[in-house]
Amino acid sequence: MRALFRLSSGATVFGLIAGWHGNAAAAEAGQAPPRAPLETSKPSSRLDASGLTKAPKLSVPATPKYPEAARARGLEAVVVLLLDIDNEGRVTSASVAEPSLHPGAGFEQAALEAARALEFEPAEANGRAVPVQISYRYVFTLPRSAPPPAEPPAGERAAAKEHSEQRAVATFSGRLQERGSGLALARAVISVSSEQRGKLVELEATTDERGTFRFSNLSPAVWTVTIDAVGYQPFRTTEQLSSGEAVEAVYHLEPAPENPFDVTVIGAHPRKEVSRTTLAVAEVEQVPGVAGDPLAVVQNLPGVARSPFASGQVIVRGAAPEDTRVFIDGLEAPLIYHFGGIRSVVPMPLLGSIDFYPGNFGVQYGRATGGIVDVSLKPLEPESFGGSIDVSIFDASVYLEAPLGEKAALAVAARRSYIGEVLGAVLSDDAFNLTVAPRYYDYHLLGSYRPTPDHQLTAQLLGSDDRLEILFESPADLDPALSGNRLTSGERFLRASLAYRFSPSESFENVLRFAYGRAVEDDAFGDLAVNIRTDSLQVRDGVRQALDRRVTLAYGVDVAMTHLDGFVRGPGLPKEGEPQVFELEASTSSRISGDYFSPAAYLEAELSPFASWLIVPGVRVDHFGGTDQTVAQPRLTTRLNITRDFVAKAGAGLFAQEPTLDEIDAGFGNPKLGAERALHVSTGVEYRLLPHLGIDTTVFYKRLWDLVSRTDTFAPDSGGARPLRFDNGGRGTIYGAEVLLRHDFANRFSGWLSYTLSRSLRQDSGASTERVFDFDQTHVLTALGTYALPRNWSVGARFRLVSGNPRTPVVASTFNADADRYDPIYGATNSERNAPFHQLDLRVDKRWLFTAWSLNAYLEVQNAYNRANPEGLSYNYNYRASTQASGLPLLPILGLRADF
Amino acid sequence: MKREPLAASRAAFVFAALTSLACDSDFAPYNRLESLRVLAIQSQPAAPAAGETALLTPLLYAPGSEQIDLEWSWCPLVGPSDDGFPCLLEEADFRAALGQSAANVPTFALGNETTASFPFAFDPQVLAALCRGTLAGLALPALPDCSRGFQANIRLVARTEEDEVVSVRSLPLRFAGEHSANQNPAIDALSALTAEGPALIESTPAVTLLRDTETVIEITPSAGAAESYTDEDEARVVSERLVFTWFVEAGETEYARTSFIEGAVGLDEARRNRWEPASARDFPADRARLIVVVRDNRGGVGWRQGSVLLAGAP
């Protein structure tokens, strides 16, 4: 496992950002012992533990000596260090990452000297201590209040102490807690001071693991209590102690806006891929413009095209949305979005992190030619009962978690929407009744059991239910071909999964996952009917085995079994390049039934011929049950750490995926179709400009072939000819470049700037020329950021500037006297383009901290300047007149969340 | 299997349905008559059997008294709607493939009269072979759907000096015993519920409607307009679905279309609508036409029209 996380020759396999506010006055005066950073008794809420299960925790602090000359000049400074911490928690090397603004004042030297004395509880990955590199910040500040009292001469100090001991008549004790959570604060230093006969008497105590402290034998007097705890707002108060009195106090410290003990893991597991972006929950939950939906954040990353509102589509590098797969904890989810795109099924409190691979992903992932989104649920390690209640314009949810002894934990989350009531108010109309307003709910049950660091068992139950029912007064107004006036739509699923992680040594890890799920889709509208039950079983077993320092193997199996049973009656689904229309009179009925067994095996080697060079060859072999094909997909990536902050990378590989269900269905498609193929090639560089600021650029090229494409040709069949409907005659080319400039949370700010330049071309079966894909967006620029203000306010903004989507013009129309409507005649596919899209979204968060809980409110304003962004053209009945169809107008969204 | 597309499509359909009802369009409604329109094409009989001749009659609308030129044609096999239903067969190739049977097959051009005739006087086996794609010497680019008879495609081009409308309809030719006959639905009367009570709307305007005021209008479908037939998919006898399209020259109606759907929307609901004629500023003429077209779901079509006088609101 060492190879996974080792830093060598400056190769930042992953970084960690932490920091520490040194108390300059204390350090300078030398009155107090070094002040240890506080430890809250819960893991940081910003911990991304997709691979790292425990962040390094400071165990032995070290206070730098305030440079005398700087103090005399009243200089203050911030010094950011890079620390290499070994798997025993010792600082093996320290260097200055960001010097102070006062060169020569001695801040850097003081910080380095102190840092070398730091000791940590080592970071852990799956229960094993691992070496890490972190950034560590010292803040040198001078007291803002009156100048510190003069140090009494040593003799007087001894006299004061003697005086205190001789005349102590009071006891002062208490407890320190974090405001908002009620968690005990350990290792905090509390100072009490009092004027005694004209002399200052100052004493200090340190809280224990339960956050308690105690001063004995204090003189009866007014004592000033001072707590300057790292990561918390300074705390000052006075306590009147009387003779013989025992005073007990509970103090609640308010977290500072930027808590240096919040830890952000930039990359929790080693970077092997050419392109991967990991988003921690803290980044996700305050991104403006996504209304707190975790998966919507992915749409702001480089390589991802803008998708229409509420479509839920992840359009990666110009490919069709269905070419990208979304996983939850390594297993494909039966449903990602409620109602196809309104909200994702993963509630924020359960989120750990999101890994996004726009291409050239590893052999562990397959059955996709686009990208991969892997949502990791957070590690379940609560130390006390807690939870949250979330209320938004869409839904309300509750989350509870609790430890079960020291080795197990349980969490439950449930959510229910009321978007139907909102829609009902907005869409008030006599023409229809929302007999069952659109509503969804989901529920999650998580359990974790870890008897030893070697073994971990995780169980999950995930359920979801969407339902809608509309009664139309005059269905013929909607479409004359409708043979009913009641639209019912429902989709529900339940999935149970079990994961067992076995890691007996640093060099071996095995993760076995099972998931069984059932999804039922049941829709009806007149003659239209979809009733499909899908039973799926997934088994994944992955092994990572380090053979030596230079070779690690990853291998495993990935088996998907699907049983389908149901019935569909309706028109064929529109495909890439085709108008999104449903011609009801062209309906087809088909009995859907089948068993698909799709096993896969993969093998990958992580080779490090030099410490700074990683080569990852691998191969994945998939058998596709739907097409009865076996496809080998060799892949190769490599990363070269030219310097500690500069990485060059490249990758190439083959990818394959099966057609969609309707495309291989005998009634709607062609059962003889084969798998679609893709070649991904990409290269780029990563450069860490500052510990919290990095830039990642990638140039990519994709070649697609055997794409499923509609055809008018026939195949000989018994007694005549059979329409093929689809063949594998499509092909495509996609190329472009991506840039991500990312500022991790530091100096109160986090955000990123992403830009994608791309071109995606496709040639359909039988066509002589290429055309652009439906979501070919030449330029995609996204800038977003969140800034933490004092008093627990934060503000954020997102701005997007995107090329307009291609569209197919209507050049004429024909009156269809059978259907009583005009049918459009289209020009060349995607030969026109909408005007550019640009939009500004704003967000304000305010957090109120109470004794043992906190309340967070946010107001998000999407499309703040009310831009009428074009989403296409809207035509009149005979297609002779058109007007721009615009996206959402200005949309305010309010949400509340209580954490306890 | 790639990500299941049905759910996304379902969501898109539901969302589109909701938003289409929620959004007001700036365009004139489908049922307002303002320019050259082909409102329907009737075949009598609706589904001719071998030996019968279909009389094709269009329902046309043109503002004023413009001359409308017509051009009729037919094609045994047409391409998709988004290409404008192009004829996929060359007539010479088709006739050559038919051989001697071609003599009784009508030419593709059906004339330029106000009506057209399509005689089904040729051997029904020709159509059966076409449906199977086994007509010797003819390579079909697509197979026709013959589940309810052979669907000949009728094309009508209507032209005025300034405008042109291309329209198509299918003509089901019953060439086998399992293809059921169909009667065109009809409307016996149009009426308006005025303050004085129900009044018939006839060709000669006798009813006065107030502008900018909603008036309930009704139709009286003929008895048996909705026939019973055996639905092959459901293997049971069902009633035809009727769709009424309410065309008006002035103003708007509550619904552009209403429909009778057995078990869902009753005929009493479908036969009633509300008409709000436009103000004199938007429609200066003192009379306006109402045309109601009724279609069944098996190709049958009928209509009735009348006119009303318009008066300013009190």
Side-chain angles (χ1 to χ4, degrees), chain A residues 310 312 322-323 325 335 339-341 423 426-427 429 431-432 468 470 474-478 480 483-487 489 491 521 523 530 532 562 573 579-580 582 589 596 626 657-662 712 714 719-721 723 812 814-818 820 823-826 874 876-877 881 883, chain B residues 1-18 20-22 25-30 37-38 40-41 79 81-85 132-134 140-143 156 165-170 233 241 243-245 255-259 261 264-265 269 293 295 297 299 301:
Chain A
E322 58 267 25
D323 294 349
R325 300 177 83 87
L335 181 74
F339 286 108
L423 272 177
V426 174
L427 304 179
D429 196 307
F432 64 98
L468 166 70
I470 305 174
S474 179
D477 248 0
L478 193 63
S483 60
N485 65 336
R486 182 182 299 274
L487 183 156
S489 177
E491 184 167 36
E521 182 170 352
D523 309 314
V530 176
I532 299 178
T562 305
L573 297 172
Q580 298 291 306
F582 297 85
S589 299
Y596 303 99
Q657 66 184 12
E658 288 183 286
T660 55
L661 171 64
D662 62 313
D712 294 328
F714 285 72
T814 309
F815 176 64
N816 184 336
D818 294 329
D820 190 22
D823 286 328
I825 299 174
Y826 294 100
S874 175
N876 74 334
Y877 65 86
T883 185
Chain B
M1 207 72 62
K2 272 195 293 188
R3 192 154 60 91
E4 176 55 62
L6 290 174
S9 298
R10 173 178 60 95
F13 182 76
V14 170
F15 199 73
L18 289 173
S20 67
L21 288 174
S25 168
D26 293 332
F27 300 124
Y30 173 79
R37 300 282 289 269
V38 176
I41 302 173
S81 64
D82 51 10
D83 286 339
F85 301 97
R132 291 194 303 269
T134 56
L140 291 179
L143 274 185
L156 171 64
V165 174
V166 178
S167 48
V168 296
R169 69 153 289 168
S170 55
D233 288 340
R241 189 175 72 251
V243 176
F244 303 98
T245 309
Y255 304 117
R257 300 183 188 90
T258 56
S259 57
I261 304 171
V265 184
E269 297 171 63
V293 176
R295 288 179 170 83
N297 57 311
V301 63

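As the structure is a prediction and not an experimental result, all values here were calculated from the model. Chain identifiers are assigned alphabetically (A, B, ...) following the order of the sequence lines, protein sequences preceding nucleic acid strands; residue numbering begins at 1 within each chain.
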Query raised in the report: Does a side-chain heavy-atom distance below 4.5 Å link A/Pro475 with B/Ile261?
Result: yes
Requested in this report: Look at B/Gly299, B/Ser170, B/Pro29, B/Ala256 and state which one has the largest set of heavy-atom pairs under 4.5 Å with chain A.
Outcome: B/Ser170
Query - Portion of B/Tyr30 that has a non-hydrogen atom of chain A nearer than 4.5 angstrom - result: both
Query raised in the report: Between B/Ser259, B/Ser81, B/Ala40, B/Gly84, which has the largest tally of heavy atom pairs under 4.5 Å with chain A?
Result: B/Ser81
Report summary line: Closest heavy-atom pair, B/Ala264 versus A/Asn485, reported as atoms and distance to 0.1 Å, is CB-OD1, 3.3 Å
Report task. State the CG-CZ distance between A/Asp820 and B/Arg169, to the nearest 0.5 angstrom. Result -> 12.5 Å
Query - Per-residue contact mode, B/Val243 against chain A (heavy atom under 4.5 angstrom) - result: side chain
Query raised in the report: So, does A/Ser474 use its side chain to make a donor-acceptor pair with the main chain of B/Arg257 at under 3.5 Å?
Result: yes
**Report entry** Side chain, backbone, both or neither of A/Pro480 within contact of chain B (heavy atoms, under 4.5 Å)
**Finding:** both
**Report entry** Short side-chain to backbone donor-acceptor contact, B/Arg241 and A/Gly484, under 3.5 Å
**Finding:** no
Query raised in the report: Most heavy-atom pairs under 4.5 angstrom with chain B, which of A/Asp823, A/Asp818, A/Thr562?
Result: A/Asp818
**Report entry** A/Asn816 and B/Phe85, any side-chain heavy atoms less than 4.5 Å apart
**Finding:** yes
**Report entry** Contacting region of B/Asp83 [heavy-atom separation from chain A under 4.5 Å]
**Finding:** backbone
Requested in this report: Please flag which part of A/Ala881 lies under 4.5 Å from any non-hydrogen atom of chain B: side chain, backbone, both or neither.
Outcome: both
